[in-house]
Number of protein chains: 2
Amino acid sequence: MSDGKNTLTTAVYDLLRKAIIEQALKPGMRLPEDTVGEQFGVSRTIVRHALVRLENEGLVVTQRNRGAFVAEPSKEEAQQIFEVRRILENEVIRILCNRIPDTGYDQLRSHVRNEEGVRGKDGPVSIRLAGEFHVLLAELTGNEILARYVSEVVIRCSLIMSLYARSHSSDCAVDEHSQIIDAIQSGDAERAIAIMDHHLGAVQGRAELARQPDSIRSILSHYGKELAQ
Amino acid sequence: MSDGKNTLTTAVYDLLRKAIIEQALKPGMRLPEDTVGEQFGVSRTIVRHALVRLENEGLVVTQRNRGAFVAEPSKEEAQQIFEVRRILENEVIRILCNRIPDTGYDQLRSHVRNEEGVRGKDGPVSIRLAGEFHVLLAELTGNEILARYVSEVVIRCSLIMSLYARSHSSDCAVDEHSQIIDAIQSGDAERAIAIMDHHLGAVQGRAELARQPDSIRSILSHYGKELAQ
DNA sequence: TGCAAGTAAATTGTATCCAATTGACGTAAA
DNA sequence: TTTACGTCAATTGGATACAATTTACTTGCA
């Protein structure tokens, strides 16, 4: 994601992004430019650029003259993001069944071992690793554009789970990750897709069923849309 | 695409984007911040923000301390973008066969009439309209995230055609657009997808077969990747 | 007490300024 | 002639200053 060029801007961008993934920054939280800037020891200019990038990814929303906030995806948005995620990830599986780099399975198995290593600890790390498994799958297709889009929807799903799901402990069942690898390796594309589809359905279902009550802010902002300028 | 909030930044962003779509700004062209700023009567700050957004979409690339350039997708990138475009647009068709708003067909037919109105003139307008047909299809799914991704790959395809295709006159055959609408309206999803797939294949093929010789810059930039910092 | 208006504080929008880096040109030495 | 070096112009990287806008508080009036 980060191209490692604009060091300062990219550094702030990466930090904010990671903080959002790990749900340290929660949906609806304000992100005042100078507060963030002081925190990282940079000027507002840098923070602004980072926020622009995050807004493009749908991770933050900005209101004119009001500032930036961590995004609070509505239920409709959540539905749409999940739909796109399933489209993309099913296709990732289909591609991987046709072509996968030599080291692919090693990388995947190794990643799952890492996930198992932190099993039980419902900390931010396990949340991040679960998402990164799906990004790794997409990267193995060799299609960088596809991988970028998967990365975007995965992280937005993380935001959705943070808003709507009761427990984030196991957004992804590690077992199912293993099953997906097995299915790809067996070359049975249809079965692999079925498992992935079921896996994502489970994640989505957890968000739908166990959704928390809306926060005050998101409730009011919903009504506010009808008044606003 | 543009949210109409940050008026100045968004205005510059929209103008640059449109200029790239219509191939007035050609791949490899420089986009110096103050030149662009003077042109539009705004300061570099505004232009910078617009360029950041365009870079996120893959329409421009920036080199540290060197500036921004209109992107020159490599052949590999072009291949990847087309692959993602087919994935997304096939799925758009599949969705539209299941659900399409009441006014959908009217909007589509109306758009095709516009395209026919400028037929023959190989100007920038026909190029833009051809792309917007595909974006309109995506928007009719009601899935904004999906529509945004389609919009991104469509415009990047416009960049690719500008680089590699001999004639941009008819990136899309208007007849085929009508056929696609017919197929969706008939409810035959498989046929509709087949037509869309063929349609995109034709566009892609035109880029592959009639590709122009690489520019010096894009050739050297390819080798340069092995040296760079 | 409750509401309204006005004022002050906080925050973003934009422009400008200085520093750092890059590329080009020209000059000199081998 | 070619290469190496040094200087200069052009451009971006980043910080700061000022203007505009919004929000919150306070004051005054009914």
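Here is how names work: the chains are called A, B, and so on, in the same order as the sequence lines, proteins then strands, and each is numbered from 1.
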Problem set entry | Residue list, side chain to side chain donor-acceptor pair (under 3.5 Å) with A/Arg86, at least two apart or on another chain | A/Asp197, A/Gln204
Problem set entry | Positions of residues 32-40 of chain A (non-hydrogen atom under 4.0 Å from DNA chain D), listed by number | none
For this session: Please answer whether the main-chain N or O of A/Ala50 pairs with a side-chain N or O of A/Thr9 as donor and acceptor at a distance below 3.5 Å.
Result: no
Exercise. Could you state the CG-P distance from A/Leu31 to C/dT11, rounded to the nearest angstrom?
Worked result: 13 Å
For this session: Rounded to the nearest angstrom, tell me the gap between atom CD1 in A/Ile46 and atom P in C/dT12.
Result: 16 Å
Problem set entry | Among D/dT11, C/dT16, D/dG14, the nucleotide that comes nearest once only the side chain of B/Ser43 is considered | C/dT16
Exercise. Who are the side chain to side chain donor-acceptor pair (under 3.5 Å) partners of A/Ser43, not counting sequence neighbours?
Worked result: A/Thr45
For this session: Rounded to the nearest angstrom, tell me the gap between atom CZ in B/Arg48 and atom P in D/dT12.
Result: 8 Å
Exercise. Salt bridge check: are A/Glu152 and A/Arg148 linked by an N-O gap of less than 4.0 Å?
Worked result: yes
Exercise. Starting at the 5' end of DNA chain D, which residue's closest nucleotide do you reach first, B/Thr45 or B/Gly67?
Worked result: B/Gly67
Under 3.5 Å, N/O pairs linking protein and nucleotides 18-22 of chain C:
residue, atom, partner, partner atom, Å
C/dT21, O3', B/Asn65, ND2, 3.3

Problem set entry | By ring pair (Phe, Tyr, Trp, His ring centres under 6.0 Å) - contacts of B/His49 (at least two apart) | A/His49
For this session: For atom CD of B/Glu144, decide whether the heavy atoms of other residues, nucleotides or ligands shown that lie under 6.0 angstrom number more than 12.
Result: no
For this session: Determine whether A/Glu57 and A/Arg17 make a side-chain contact, defined as any pair of heavy atoms from C-beta on separated by less than 4.5 Å.
Result: yes
For this session: Please name all residues satisfying side chain to side chain donor-acceptor pair (under 3.5 Å) with B/Glu83, sequence neighbours left out, ordered by chain then number.
Result: A/Arg99, A/Asn143
For this session: Taking only the side-chain heavy atoms of A/Thr9 (C-beta and beyond), determine which of C/dA15, D/dG14, C/dT11 contains the nearest atom.
Result: D/dG14
For this session: Calculate the interatomic distance between A/Gln63 atom CD and C/dG13 atom C1'; express it in whole Å.
Result: 15 Å
